Amino acid sequence: MAGNLLGAIGGVPLPETDVVVDARDVNKWFGRLHVLKDVSLQVKRQETVVVIGPSGSGKTTFIRCVNHLEKIQSGRIFVNGHLIGYRESSGGKLVEDKEKNIARQRQEIGMVFQRFNLFPHMTAIGNISEAPIQVRGVAREEAEETARALLERVGLAAKAGSYPAQLSGGQQQRVAIARALAMKPALMLFDEPTSALDPEMIGEVLEVMKELAREGMTMIVVSHEMGFAREVANRVVMMDEGQVIEEGSPDQVFSAPAQERTQAFLSKIL
Amino acid sequence: MTRRIGGIRPALLAGCLLLAGLTVAGCSSGKASVPTDWSIFWRSIFQPDGLILSGLWLTVSIAVISQTLGLILGILAALGRMAKAWPLRAVAGIYIWLFRGTPLLVQIMLVYFGLPAVGLYDFPTFTIPGINVAVPNAVQAGIVALSLNEGAYMAEIVRAGILSIDPGQTEAAKSLGMTYGQTMRRIVLPQAARVIIPPLGNEFNNMLKTTSLLVVIGVRELFVIFSYKNTTGSTSLQPFALFLACAVWYLMLTTIWGFIQARIERRFGRGAAGAVEEEGFLSRVFGSRGSSGSTVEGR
């Protein structure tokens, strides 16, 4: 699985700002349920941040806000210095941006989903080359060539013509990572990328993610894979009940958590 | 428990007896006034004259055009119903409500006689360029009415198809920077097609037969031709031979369509687990394919 993932796409543009993700006091409600309470988080260029926390803590909701798959009610999220999903009206209120602008912002933010969400009517190559062709206007041959290179780097060169239904979960998730990378994003979001996988397939997906982190991709990863976090995370963020309750280096958080709730949570999953 | 006679409910028994009685009475009510000329039947099938062929051609063309327009209208109306903007939802909702809630026969009359009568719309003299074939007003009106009606039914089918697609598909497309239009066109609709196509085939099967309703505005399609033959010339007063032949022609059309539909469904099954299934000849023709339930009168 070795190889240069980012090399396959000719490298990604280095984020324009030192702080790639800057979330400030983000609040979100689902109806009356307050799911994000003044969440603030900064992710620096080429940093890998792993977000942990019990289910219902808001960690998935939070990263879905980062590419505006979810609306927020207050606060600001900047990616690469641009306010995501909204314009600020003259009165300082948030007004949802035009769909076209939001789509453009999302081009810079790759996302990998828990359930892969590959397009079942397209082959692996088709899945990866679709957005570059449709969105970026890349020529088909060029996009497919890049897709092939990416597939090779995630160890699936032989599966170029396979449909998602013909691939294992681990293979599908690797194709999904390649699909997101093909857009040359400045930031990658991973939403529990290994939670829907059989245990024996988790390793192959984590390998790709580790490689990506080592090559300097900026990443936010929602995951409970402690081995992965220890090995590549620059920071671990613990969320509970819609709040960031603790953050620090993996060693700090895993070995000497400051918060009781972090200790309790870790004792359940380790 | 109701009391039963020989294991059968009394009311059911009475009904059966009445039906049997009526059948016997009908059969024994004397000889047919004109004996059926079977040569008319066989000739209508195996040596169809120009009239029958022209009727056949018109039926198929009207059905294909109306179904195509109906599908397009249906997609637009379905997207309208699911739009964020309420005016779009309202327009689409009212359209579907009106055209599913009134009889097709009335819609046909309204379009052909009603619209020009109040000066809302006059069907122009229209000649297809290139082949120089004139399209009569009645045919235009028929296509308009059938398309509008079909669009309202297709809207619900298309909407069900779109709703059947995992929202994760839309999210994945969005996360890649695709716009709403790109997401629909490239990701959602092609997948929804697999769900839409079986009922769409059913709709077209219906459409082939429903064109016969255009008899009320004098479109010379298949059914009108046979009705005409029943009143004129050497074939007059042979309703059994003629309408049986007419029925056989419709049956041939829908049967051929059944085969075409099977091919289309196979093509759209690409990539879906377990989607590629071969259906035998018999099940294809006699169909375990969930009947549409909507009859011509039902429209």
Side-chain angles (χ1 to χ4, degrees), chain A residues 63-64 66-70 85 96 98-124 126-137 161-167 175-176 179-185 187-191 196, chain B residues 75-76 79-89 158 160-198 200 263-278:
Chain A
I63 67 162
R64 286 167 60 85
V66 173
N67 67 352
H68 198 62
L69 284 180
E70 301 282 355
E96 194 163 23
K98 280 194 218 116
E99 191 234 342
K100 241 171 81 183
N101 292 340
I102 298 172
R104 194 174 311 131
Q105 291 177 330
R106 287 189 182 124
Q107 296 174 22
E108 321 300 325
I109 307 171
M111 186 160 198
V112 175
F113 298 87
Q114 183 176 358
R115 310 233 19 118
F116 331 133
N117 296 352
L118 288 182
F119 306 134
H121 58 307
M122 296 177 183
T123 60
N127 266 280
I128 300 169
S129 57
E130 176 69 11
I133 294 171
Q134 298 292 327
V135 179
R136 293 235 194 261
S162 302
Y163 286 96
Q166 298 163 323
L167 300 173
V175 173
R179 175 176 71 173
L181 284 176
M183 287 296 283
K184 305 189 182 184
L187 167 72
M188 285 282 284
L189 307 172
F190 291 85
D191 180 12
Chain B
I75 293 173
L76 293 177
L79 294 178
R81 277 206 63 179
M82 294 186 290
K84 269 191 209 157
W86 71 262
L88 283 177
R89 283 206 306 275
V158 171
I162 291 174
L163 289 178
S164 75
I165 304 305
D166 176 10
Q169 291 289 308
T170 309
E171 287 181 355
K174 277 184 180 174
S175 78
L176 290 164
M178 295 174 83
T179 59
Y180 173 79
Q182 288 169 331
T183 304
M184 276 296 154
R185 197 165 44 81
R186 299 286 310 172
I187 307 301
V188 176
L189 286 176
Q191 292 183 61
R194 213 161 47 78
V195 181
I196 293 169
I197 280 170
L200 170 67
R263 292 194 66 132
I264 298 175
E265 277 172 34
R266 268 206 300 279
R267 211 183 104 69
F268 273 85
R270 274 183 314 176
V276 187
E277 54 178 66
E278 292 290 330

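For the numbers below, each heavy atom of this structure counts, side chains included, while hydrogens, waters and symmetry mates do not. Just so it is clear, the structure is predicted and the values come from calculations on it, not from any experiment.
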Checklist entry - In terms of heavy-atom proximity below 4.5 Å to chain A, should B:Gln169 be classed as side chain, backbone, both, or neither? => result both
Item to check | Smallest separation among heavy atoms of B:Ala172 and A:Phe113, with atom names | outcome: CA-CE1, 3.6 Å
Checklist entry - In terms of heavy-atom pairs under 4.5 Å with chain A, which of B:Met178, B:Glu171, B:Gln182 leads? => result B:Glu171
Item to check | Flag, side chain of A:Asn117 to backbone of B:Gly168, donor-acceptor distance under 3.5 Å | outcome: yes
Checklist entry - Given the options A:Gln134, A:Arg64, A:Gln105, which has more heavy-atom pairs under 4.5 Å with chain B than any of the others? => result A:Gln134
Checklist entry - Side chains of B:Pro190 and A:Phe119: does their closest heavy-atom pair fall under 4.5 Å? => result no
Checklist outcome for this item: Value for CE (A:Met183) from OG (B:Ser175), rounded to nearest 0.5 Å, stands at 9.5 Å
Checklist entry - What pair of heavy atoms forms the shortest contact from B:Gln191 to A:Pro120, and how long is it? => result OE1-CG, 3.1 Å
Next on the checklist: Please report the interatomic distance CG(B:Leu176) to CE(A:Met111), rounded to the nearest 0.5 Å.
Outcome noted: 11.0 Å
Checklist entry - Sub-3.5 Å donor-acceptor pair from the side chain of A:Glu99 to the main-chain atoms of B:Tyr180, do we have one? => result yes
Checklist entry - Hey, mind stepping through A:Met122 and B:Arg186 against side-chain contact (heavy atoms from CB on, under 4.5 Å) and telling me if it holds? => result CA-CA 10 Å; A:Met122 296 177 183; B:Arg186 299 286 310 172; 4.1 Å; yes
Checklist entry - Any idea which of A:Val112, A:Ile102, A:Leu118 has the most non-hydrogen atom pairs under 4.5 angstrom with chain B? => result A:Leu118
Checklist outcome for this item: Scored by heavy-atom pairs under 4.5 Å with chain B, the best of A:Thr123, A:Asn67, A:Leu69 is A:Leu69
Checklist entry - Which heavy atom in B:Thr179 sits nearest to a heavy atom in A:Ala103, and how many Å separate them? => result CG2-CB, 4.1 Å
Item to check | Under 4.5 Å from a heavy atom of chain B, the part of A:Glu130 involved | outcome: side chain
